[in-house]
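Not measured: the values here are computed from a predicted model. Proteins get letters first, then strands, A, B, ... in listed order; numbering begins at 1 in each.
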Amino acid sequence: MLGFQDIVLHLHAYWGRLGCAIVPPYDLEMGAGTFHPETPFRALGPHPWRVAYIQPSRRPADGRYAESPNRVQRLHQYQVILKPSPDDVQELYLNSLKEIGIDYQEHDIRFVEDDWESPTLGASGLGWEVWCDGMEISQFTYFQQIGGFECAPVTVELTYGLERIALFIQKVDDIYKINWNGVDEIGKITYGDIYKHYEREFSAYNFEYANVETLNTHFMDTEKACTDLLEQNLVFPAYDQCIKASHLFNLLDARSAISALERADLISRVRALAKQCFKIWLGNQPATVTEKE
Amino acid sequence: MAELLLEILTEEIPARFQVWAAQTLLEKLQKASAAIGLSVDHLCTYTTPRRLVAHGNFASEVPAYTEERRGPKKEAPQNVHDGFLNSLPANAVIETRDTLKGAYIFAIITHPARATRTLLPTLLSNILCSFSWPKTMRWGISSFSWVRPIRNIMCLFDREVLDFSFQGLQATNSTVGHRFLAPERFPVTNFSHYIDALIQRYVFLDRQKRADALQTQLREIEAHHSIEIVQDNALFEEVLGLTEWPVALSGRVDKPYMDLPEELIITPMKVHQRYFSTRYRDGTLAPFFVCIAGTQTQDKGKTIIAGNEAVLRARLADARFFFETDKKVPLDKRTEELALQIFHRRLGTIAERLPRLQTWSTLLYTTLQDMPLFKEVSMPLLTRAIYLCKADLRTEAVKEFPELQGIMGGYYAALQGEPSVVATAIKEHYRPQGPDDAVPTTPLGILLALADKLETIWSFFGINERPSGSKDPFALRRAALGVIRLVLAHRLLLDLVSLFEGYRQTTLLSFEIADAVLSFFKERLKIQLKESGISSGVVAALLKQDTVDIGRITGRAQLLNQFLQTPAGNDLLQGYRRLSNILSTASDGDSTIPIVQDLLIEKAEVSLYQAVQAANKAASVLEETHEDFQKRLTLLAALRTPINTFFEEILVHCEEKQIRRNRCALLMYIKAFYDHVCAFEEIVS
């Protein structure tokens with residue numbers, strides 16, 4: 001049995017062989033692997049780069065108190081960044097699936113148009129959702145812009161949804177039944193063994209106990225801290241504040257504390273912070289890139 | 001002639017662009033060839049998710065031709081002459097010719113025949129560079145953008161590889177088959193070989209062949225399970241663009257989910273999964289779905305089906321979760337929450353729409369209550385339906401599937417014990433959502449649907465968010481067409497002018513808004529009538545009235561349009577034309593002057609007067625019905641003979657002033673009789 005951890009280890013080995021630096025997950029709460037500084041900063045500027053990592057991703061509003069077999073408020077993405085995008089990137093990706101036991105000769109793999117956008121990062125790209133027997137298992141995106149700055153050369157981002165892939169490979173219909181350590185009988189540790197109580201408690205926190213007033217204050221604090229740090233040219237500490245602001249926004253959203261109007265405003269405020277981080281970082285780079293907006 | 005075969009192999013092209021791309025490539029090739037005098041026949045283009053292909057027979061050369069260029073005048077300064085001469089190729093022959101404008105220098109240039117093979121690389125590069133895909137991207141290190149990355153170019157001309165390179169890719173004579181089933185490169189010799197080789201390698205190049213193959217498989221599945229696959233053209237077209245080798249597979253919907261509302265089963269299947277749903281012959285939903293895979297496997301799709309069934313189970317488990325969660329909260333409570341949900345920044349919350357919907361519904365009911373259809377309407381139930389109609393916007397199911405608004409509300413209302421007329425009205429009130437959608441059929445549903453659309457249109461007009469050009473972000477045109485369809489489908493007797501005035505008076509809104517909305521409706525109606533083949537004159541004639549009764553106008557437009565194409569219709573217009581011609585030149589026409597019978601002296605004018613009197617008398621007993629409108633037209637047409645006789649025998653502009661004025665008065669009287677039926681001047685002018 002290929003355990004959840006084996007999927008990650010196989011992907012590490014595969015992408016490591018292809019020259020990716022395998023880096024740890026970023027140690028902040030974030031909504032998706034794309035927020036990890038190794039993605040947006042590396043996708044900007046002229047320097048080639050290859051990196052891969054697993055990133056726990058928090059989606060407070062998706063919490064189901066551990067009662068849904070399909071949705072969790074904290075999931076795992078496996079993220080691969082290749083810059084510039086190689087000519088055989090689709091083949092590289094398909095071969096990576098073989099490494100984790102998904103053979104395209106036995107399944108129906110399809111590339112379905114999906115243009116990607118991250119309003120908080122001011123980022124956009126074109127590509128596909130990758131379907132395997134009707135399940136979306138990855139997103140495949142050629143970045144075109146980050147923070148409103150054109151990406152040249154173009155970075156390709158491959159994002160694997162690890163829970164879905166594990167469900168698929170292990171043929172189970174409940175996230176909590178995913179075999180984590182690959183041990184079949186005595187000594188087997190499941191996803192549920194590790195995370196069930198986290199999910200229950202965080203759902204309660206996200207929906208009931210997160211203090212809206214405090215969250216709002218924190219949001220404003222991070223905004224100020226980000227701006228102050230940028231004045232000191234401290235891009236990465238400033239970007240940390242931006243990641244925090246984005247997560248605070250997601251928490252407020254889960255508490256239904258944001259009206260449609262405020263929503264657009266808060267998103268644009270986070271975007272402004274992110275853009276400023278990217279701009280200063282680009283300015284610190286040897287080669288210059290022109291702003292598109 | 002020599003064969004050109006070009007294949008651009010790319011990563012997966014979005015389905016929605018593929019038909020457009022084939023057409024565009026065809027047009028561009030035709031145009032570019034014509035521009036350089038290159039003759040082409042049997043040109044065809046194809047697209048699959050991974051290929052853009054052109055094939056055609058091209059002349060092997062562009063024939064030699066002579067070009068004549070006029071240069072400067074003979075006596076022009078030397079530098080002008082030098083400039084002209086320097087611009088010419090070496091083989092140009094120079095002549096001086098006398099023209100009407102003096103002596104000029106001419107150059108005769110003989111262009112030799114050029115081999116098509118040498119022209120094609122530039123021609124093809126230009127076409128590919130200027131290919132304006134609706135959405136493009138860059139990849140790798142290049143700044144070139146295209147719909148998706150190009151990975152191979154195969155190009156043969158006259159069975160040989162064309163020396164052509166594009167964006168760093170050198171054309172080859174080889175390509176690949178299906179991504180998974182035949183990924184190996186193979187050499188291509190010509191088009192017929194290519195198309196056969198692709199079929200052997202699991203690629204239907206021709207979209208129609210792909211469609212036929214898919215249809216055959218769908219029919220087999222239908223026969224096998226004794227079901228009907230619900231026809232969905234948009235979905236069918238999309239899946240044709242998702243696969244080079246469509247394989248239809250049927251899976252089962254888990255039984256425990258079959259008791260969900262069927263929309264909650266069908267919508268995730270279609271929207272998230274691109275599955276076709278199926279029905280038994282009696283119309284009930286069958287527990288099968290059909291997915292279109294892009295490949296075939298050794299186990300005949302068993303693994304693929306099992307995977308898809310598992311995905312659908314997860315989707316339906318979600319749907320069930322939403323449904324069960326929603327059922328726990330009464331719709332009344334959801335309605336209260338609408339005070340939190342913004343409808344539009346300047347129009348406030350959705351809760352604020354409800355009193356406006358109430359005003360409209362009451363007004364509509366008051367206007368329509370005499371129609372048999374609305375005899376049984378209960379005002380308290382209508383009010384209840386209004387109160388609950390937007391509640392489902394707060395439910396989980398509608399947050400997940402916005403297209404189920406109304407429908408879910410209908411289910412939840414029925415489940416919490418609302419009277420069925422209320423539940424149905426909620427369910428129906430967004431309809432019709434497009435030209436193919438059904439219109440509401442129940443009295444409450446009709447009233448609520450009309451109110452919903454009119455409220456939307458008036459609100460957005462009120463804040464000056466009005467459709468213009470291609471911009472209609474709030475789909476107000478669709479709303480107006482919805483009203484028109486509702487009125488026509490149920491033959492509602494509704495005059496928009498008085499209805500709108502009623503609403504304006506109740507709400508104290510400005511005349512300007514009422515006028516703008518009325519013109520907007522007239523414009524929609526005009527377009528709709530013209531699309532159904534009514535001439536613009538007829539439309540204008542019927543819209544130039546004090547009332548805007550959609551049903552009456554539409555009925556009369558069809559009738560009048562037909563009538564005018566008959567000999568009687570021709571008579572009617574001829575008569576009217578003569579009348580208005582003479583009156584337009586009459587200086588002392590005065591409609592206030594009564595006709596004096598004693599002054600009618602000639603036989604022709606007496607008989608015209610009598611004919612009009614008789615017609616008027618006949619018309620006076622007619623009503624505003626469809627049949628009676630036809631009779632009015634017939635009466636008018638019959639006046640042509642007396643009118644003709646009148647004009648043949650009588651001089652209107654005679655010396656005698658009193659007689660002249662009396663004759664004009666008679667003619668004006670007749671014209672007024674015409675104009676009362678409709679504004680014929682719009683048709684004859």
Side-chain angles (χ1 to χ4, degrees), chain A residues 46 48 64 67-71 83-91 94 103-115 124-128 130-136 140-144 150-156 164 167-168 171-175 256 259-264, chain B residues 11-17 49-50 135-143 145 147-149 151 179-181 183 241-243 247 249 251 272-275 291-299 301 303-315 317-318 321 340-345 349:
Chain A
R64 291 288 183 271
E67 280 165 18
S68 160
N70 307 304
R71 288 202 196 202
K83 177 188 180 185
S85 65
D87 287 349
D88 57 351
V89 56
Q90 282 186 307
E91 285 72 23
L94 290 167
D103 184 347
Y104 51 71
Q105 302 292 354
E106 294 163 16
H107 297 282
D108 177 33
I109 310 280
R110 271 188 283 160
F111 292 87
V112 180
E113 180 194 12
D114 184 36
D115 298 341
S124 64
L126 269 69
W128 312 272
V130 183
W131 288 16
C132 177
D133 298 346
M135 181 187 291
E136 183 195 343
F140 194 126
T141 308
Y142 290 93
F143 283 151
Q144 303 293 303
E150 195 156 280
C151 300
V154 171
T155 294
V156 67
R164 288 188 176 190
L167 284 170
F168 184 80
K171 298 192 167 58
V172 289
D173 55 6
D174 182 342
I175 286 183
S256 302
S259 74
L261 254 185
E262 287 172 314
R263 196 184 175 77
Chain B
E11 296 181 0
E12 279 73 358
I13 304 170
R16 62 200 168 110
F17 301 153
R50 294 176 73 202
K135 209 165 182 186
T136 62
M137 57 167 279
R138 293 168 295 111
W139 65 93
I141 53 168
S142 167
S143 60
S145 55
V147 62
R148 285 295 182 274
R151 295 309 183 195
R179 184 185 279 291
F180 304 118
L181 298 172
L242 288 176
T243 62
V247 177
L249 299 171
H272 291 310
Q273 301 299 136
R274 273 56 157 206
Y275 296 159
C291 71
I292 314 303
T295 190
Q296 58 194 45
T297 52
Q298 296 238 316
D299 67 358
T303 309
I304 298 175
I305 292 170
N308 278 283
E309 285 176 342
V311 179
L312 185 61
R313 260 198 302 278
R315 295 279 188 200
D318 267 355
F321 171 80
L340 301 172
Q341 192 160 340
I342 302 285
F343 173 54
H344 180 276
R345 194 164 53 84
T349 64

Checklist entry - Are the side chain of Asp133(A) and the backbone N or O of Asn308(B) linked by a donor-acceptor pair below 3.5 Å? => result no
Checklist outcome for this item: Tightest non-hydrogen contact, residues Gly140(B) and Ser85(A), listed as N-OG, 2.8 Å
Next on the checklist: Counting heavy-atom pairs closer than 4.5 Å to chain B, which one of Pro84(A), Gly125(A), Pro48(A) comes out on top?
Outcome noted: Pro84(A)
Item to check | Test item: Glu91(A) and Arg179(B) side chains (from C-beta on) under 4.5 Å apart, heavy atoms | outcome: yes
Next on the checklist: Please identify, among Ala310(B), Cys291(B), Pro149(B), the residue contributing the most non-hydrogen atom pairs under 4.5 Å to chain A.
Outcome noted: Pro149(B)
Checklist entry - Can you tell me how far CZ of Arg110(A) sits from CD1 of Ile292(B), rounded to the nearest 0.5 angstrom? => result 8.0 Å
Item to check | Minimum side-chain heavy-atom gap Arg71(A)-Phe321(B) below 4.5 Å | outcome: no
Checklist entry - Which atoms of Leu167(A) come close to chain B, meaning under 4.5 Å heavy atom to heavy atom: side chain ones, backbone ones, both, or neither? => result neither
Item to check | Polar side chain donor-acceptor pair, Gln90(A) to Arg151(B), under 3.5 angstrom | outcome: no
Checklist entry - How would you list, by chain and number, every residue that makes a side chain to side chain contact (heavy atoms under 4.5 Å, CB included) with Gln105(A), sequence neighbours excluded? => result Asp103(A)
Next on the checklist: Using a 4.5 angstrom heavy-atom cutoff, name the option from Thr297(B), Leu249(B), Leu312(B) with the most pairs to chain A.
Outcome noted: Thr297(B)
Checklist outcome for this item: Here the pair of heavy atoms bringing His107(A) nearest to Thr295(B) is O-CG2, 3.4 Å
Checklist entry - Donor-acceptor pair, Arg138(B) side chain versus Cys151(A) backbone, under 3.5 Å? => result yes
Checklist entry - Roughly how far apart are Arg148(B) CZ and Trp128(A) CH2, rounded to 0.5 Å? => result 6.0 Å
Item to check | Asn70(A) versus Ala317(B), closest heavy-atom pair with distance | outcome: ND2-CB, 4.0 Å
Checklist entry - Are Arg274(B) and Trp131(A) in a cation-pi contact, defined as NZ or CZ under 6.0 Å from the six-membered ring centre and within 45° of the axis? => result no
Checklist outcome for this item: Shortest non-hydrogen pair, Asp108(A) vs Ile304(B), comes out as CB-CD1, 3.6 Å
Next on the checklist: Is Ser142(B) in contact with chain A via its backbone, its side chain, both, or neither, using a 4.5 Å heavy-atom distance?
Outcome noted: neither
Item to check | Phe140(A) side chain reached by Glu12(B) side chain, heavy atoms, under 4.5 Å | outcome: no
Item to check | Region of Glu106(A) that comes under 4.5 Å of a non-hydrogen atom in chain B | outcome: backbone
Checklist entry - What's the spacing between Ile13(B) CD1 and Glu113(A) CD if we round to 0.5 Å? => result 11.0 Å
Checklist outcome for this item: Greatest number of non-hydrogen atom pairs under 4.5 angstrom with chain B, of Val89(A), Val154(A), Asp173(A), falls to Val154(A)
Checklist outcome for this item: d(Phe180(B) CZ, Tyr104(A) OH) to nearest 0.5 Å is 7.5 Å
Next on the checklist: Among residues at least two apart in sequence or on other chains, which ones pass side chain to side chain donor-acceptor pair (under 3.5 Å) with Asp115(A)?
Outcome noted: Lys135(B)
